[in-house]
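Below is one structure, written out as structure tokens; the observations come after it.
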Amino acid sequence: MSSSRLPTVTVSELGTHVGEAVSLRGWVYNHRSSGKIQFIILRDGTGFVQGVAAAGEAPDEVLETARTLTLETAVRMDGKVRRDSRAPGGYEIAVTGLEIVSRSSDYPITLKEHGVEFLMDHRHLWIRTPRQQSLLRLRAELVRALRDFLDDRGFVLVDSPILTPAACEGTTTLFQTDYFGERAYLSQSGQLYQEAAALALGRTYCFGPTFRAEKSKTRRHLIEFWMLEPEMAFVDLEESMRLQEEMVTYAVRRLLERRADDFKTLKRDTSALERVKPPFPRITYDEAVELVNRKGVPMEWGEDFGAPHETAISEEFDLPVFVHHYPSAVKAFYMKPDPDRPETCLSADLLAPEGYGEIIGGGQRIDDLETLEKRIAEHDLPAEAYRWYVDLRRYGSVPHSGFGLGLERTLAWVAKVDHVRETIPFPRLLHRIYP
RNA sequence: UCCUGGCUAGCUCAACGGUAGAGCAACCGGCUGUUAACCGGUGGGUUACAGGUUCGAAUCCUGUGCCAGGAGCCA
């Protein structure tokens, strides 16, 4: 890639090169011809820019080469940068040189509309479109913001294993694999290991993929999804909730500040996001049950919320809302019972606005040895596999809390996309593992 | 696993018991400011698959497969 002697720049840098001759590298997003004038929309990953090749202006060999362009042909395009209000993006290139790096023919994804199945079968190409690029950039920035928030507050990244010897929570279905003749499972949560980490380092977190072999098939479900799981020693439920609302607020701010263009591409009205700031509304499970019954989505005390209940609750607020003090029976075995009301536990879920469902689940953990052993027995969990976990209550146990944030659901809410499959590069869905 | 809807050209769809079509894409031609450009032309089909009803089935019936979004479960 050294045929041009002009400085190579990216589309995102064009604003600082107005009037200069530059060289761009990228792919043809679209090509239009009006006979003696041709327009080449080039994309390079940082943005889109229009190249113009007009008869009498551009060299004849450029006009010849441009005539043969097809969608997604890779090119090097040289030319002078100029401002032009007619051009998408505000700048255009008066093309003086055009070199084919590699031709593309019969590119499947045209500029017309496509169906879900077709796009999912071509996910490896779908991610080249502006909307999908924006979502991937937002995802990357969201991860960076969440990690910066925790790193800045003394949290240590401690990676939990992905291959595990036993169910973490013992409830959901796990993917089983062979570990040199032993049974092993793909992790459904890194939390238990974070509890060990937090008792070593104080405040820790893990961030990685988790796997649920459930036959869930809705716009909120992925088989493989990414979860951020902080865990904190000497921290109770209340303090954990405060950290959660600060973290979510920080992340939303960062996206608004740094990725405004992507929200524009997605046509996301950001006014709802501007309002996000602590404190988030909090209601108890008891209040939530009363609320949904009043709203005509009936349920009994003691049941867990279904998706319609979560939507009914979140509709009442224009911020994410905490629902806390769930009945112990609907939560994981390690949730600490409320000393004042032992049939409920010190747990809290954060429900996103606009019907996106639960984006955080968390709580204070059982720190008492006898209670934990009793719970493990009640849940018919294999005691041997949890021996190390129980050990944590044997050697210097302290009150501790943590939570798990689902990255894709959080992004689906922030970006306001209607299905989590667009918030992860290559989604693993029920009966879909290609590409 | 269950419920509901769908499957017709490369893509998005129409035709709803009587000769399978359109737009886009591809190919050929035209156009000096296009914005998913536009205009003219050409090629393109085992109507998901297997049976059945009928003089005649893309269309009606049965079964199978696949896709979608919802339930349950969850982040």
Side-chain angles (χ1 to χ4, degrees), chain A residues 29-41 48-58 63 66-68 70-72 84-90 92 94 104-122 125-126 129-131 168-169 171-174 188-191 209-229 303-311 330-332 349-352 355-362 403-413 418-421 423-424 429-432:
Chain A
Y29 178 68
N30 197 8
H31 173 232
R32 284 185 284 266
S33 168
S34 178
K36 300 259 173 33
I37 183 166
Q38 299 183 66
F39 300 93
I40 303 154
I41 311 295
F48 294 74
V49 70
Q50 171 168 282
V52 183
E57 229 178 278
L63 298 172
R67 233 186 296 283
T68 69
T70 51
L71 296 189
E72 291 302 318
D84 193 306
S85 57
R86 292 169 296 185
E92 66 180 21
S104 161
S105 61
D106 295 323
Y107 186 67
I109 301 189
T110 65
L111 297 169
K112 294 287 178 178
E113 70 220 27
H114 296 286
V116 170
E117 185 178 7
F118 180 81
L119 289 171
M120 290 301 294
D121 284 341
H122 295 85
L125 304 176
W126 190 19
T129 61
R131 176 186 164 81
C168 168
E169 307 187 0
T171 51
T172 51
T173 324
L174 298 166
Q188 57 169 200
S189 165
Q191 180 208 310
T210 52
F211 308 86
R212 304 275 165 95
E214 284 163 358
K215 305 217 165 174
S216 297
K217 188 178 168 58
T218 82
R219 65 182 68 202
R220 299 178 305 281
H221 284 91
L222 293 166
I223 302 301
E224 175 183 312
F225 66 98
W226 285 65
M227 196 152 59
L228 180 79
E229 297 180 280
E303 292 172 348
D304 202 356
F305 303 118
H309 302 110
E310 288 185 354
T311 303
V330 303
K331 286 293 174 189
D349 288 356
L350 186 66
L351 306 182
Y356 284 95
E358 184 185 342
I359 55 173
I360 291 181
F403 58 93
L405 174 142
L407 188 74
E408 289 79 13
R409 280 192 188 175
T410 303
L411 181 55
W413 158 55
D418 62 13
H419 199 300
V420 287
R421 66 177 162 231
T423 64
I424 185 166
L429 298 159
L430 187 59
H431 303 137
R432 179 182 281 282

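Across all strands shown, B:C31 remains unpaired; no Watson-Crick or G-U wobble contact has both distances below 3.5 Å. Across all strands shown, B:G63 is found opposite B:C49 as a Watson-Crick or G-U wobble partner, with both distances under 3.5 Å. Using the Watson-Crick or G-U wobble rule with both distances under 3.5 Å, B:G18 pairs with B:C55. Across all strands shown, B:G72 has no partner, as no Watson-Crick or G-U wobble contact with both distances under 3.5 Å is found. B:C24 is paired with B:G10 under the Watson-Crick or G-U wobble criterion, all donor-acceptor distances under 3.5 Å.
Between A:Glu303 atom CD and B:G72 atom C1' there is a gap of 12 Å when expressed in whole angstrom units.
Residue contacts for A:Leu405: at a heavy-atom cut-off of 4.0 Å it reaches no nucleic acid atom on any strand shown. A:Gly115 comes within 4.0 angstrom of sugar-phosphate atoms only, judged by non-hydrogen atoms across all strands, and of no base. Within the 4.0 angstrom heavy-atom criterion, only backbone atoms of the sugar-phosphate kind lie near A:Arg219; the bases stay farther away.
For the pair A:Arg421 and B:G69, the criterion of a side-chain N or O lying under 4.0 Å from OP1 or OP2 is met. Taking side-chain N and O atoms only, A:Lys112 has no distance below 4.0 Å to OP1 or OP2 of B:C11.
Put simply, A:Phe225 rests on the base of B:A75: the two rings are less than 5.5 Å apart at their centres and nearly parallel, under 30°.
Closest approach to the A:Lys217 side chain among B:A36, B:G69, B:U32 is made by B:G69 (side chain taken as heavy atoms from C-beta onward). Nearest nucleotide to the A:Arg220 side chain, out of B:C73, B:A68, B:C31: B:C73. Distances from the side chain of A:Asp84 to the nucleotides B:G33, B:U32, B:A68 place B:G33 closest. Distance from the side chain of A:Phe39 is smallest to B:G33 among B:G33, B:C11, B:U32. The side chain of A:Arg86 has B:G33 as its nearest neighbour among B:A26, B:G33, B:A71. The side chain of A:Ser34 approaches B:C31 more closely than any other nucleotide in the set B:C31, B:A75, B:A68. Looking at the side chain of A:Glu117, the nearest of the listed nucleotides B:C66, B:A75, B:G69 is B:C66. Looking at the side chain of A:His221, the nearest of the listed nucleotides B:A75, B:G33, B:C24 is B:A75.
One N or O donor and one acceptor, one from the side chain of A:Gln50 and one from the base of B:U34, sit under 3.5 Å apart. Applying the 3.5 Å distance criterion, the base of B:C11 shares no donor-acceptor pair with the side chain of A:His114. Counting atom types as modelled, A:His431 pairs no side-chain N or O with a base atom of B:C66 as donor and acceptor under 3.5 Å. Within 3.5 Å, no donor on the side chain of A:Arg432 pairs with an acceptor on the base of B:C66, nor the reverse. Below the 3.5 angstrom threshold, one finds a donor paired with an acceptor across the side chain of A:Glu92 and the base of B:G33. For a distance-only test at 3.5 Å, the side chain of A:Ser216 qualifies as a donor-acceptor partner of the base of B:C73.
When side chains are defined from C-beta on, A:Phe211 does not count as touching A:Leu174, because their heavy atoms never get closer than 4.5 Å.
With P as the reference atom, B:A57 and B:A14 are 23 Å apart, rounded to whole Å. Rounded to a whole angstrom, the distance from the P atom of B:G44 to that of B:U64 is 37 Å. Look at the P atom in both B:U59 and B:U53: the space between them is 15 Å, to the nearest Å.
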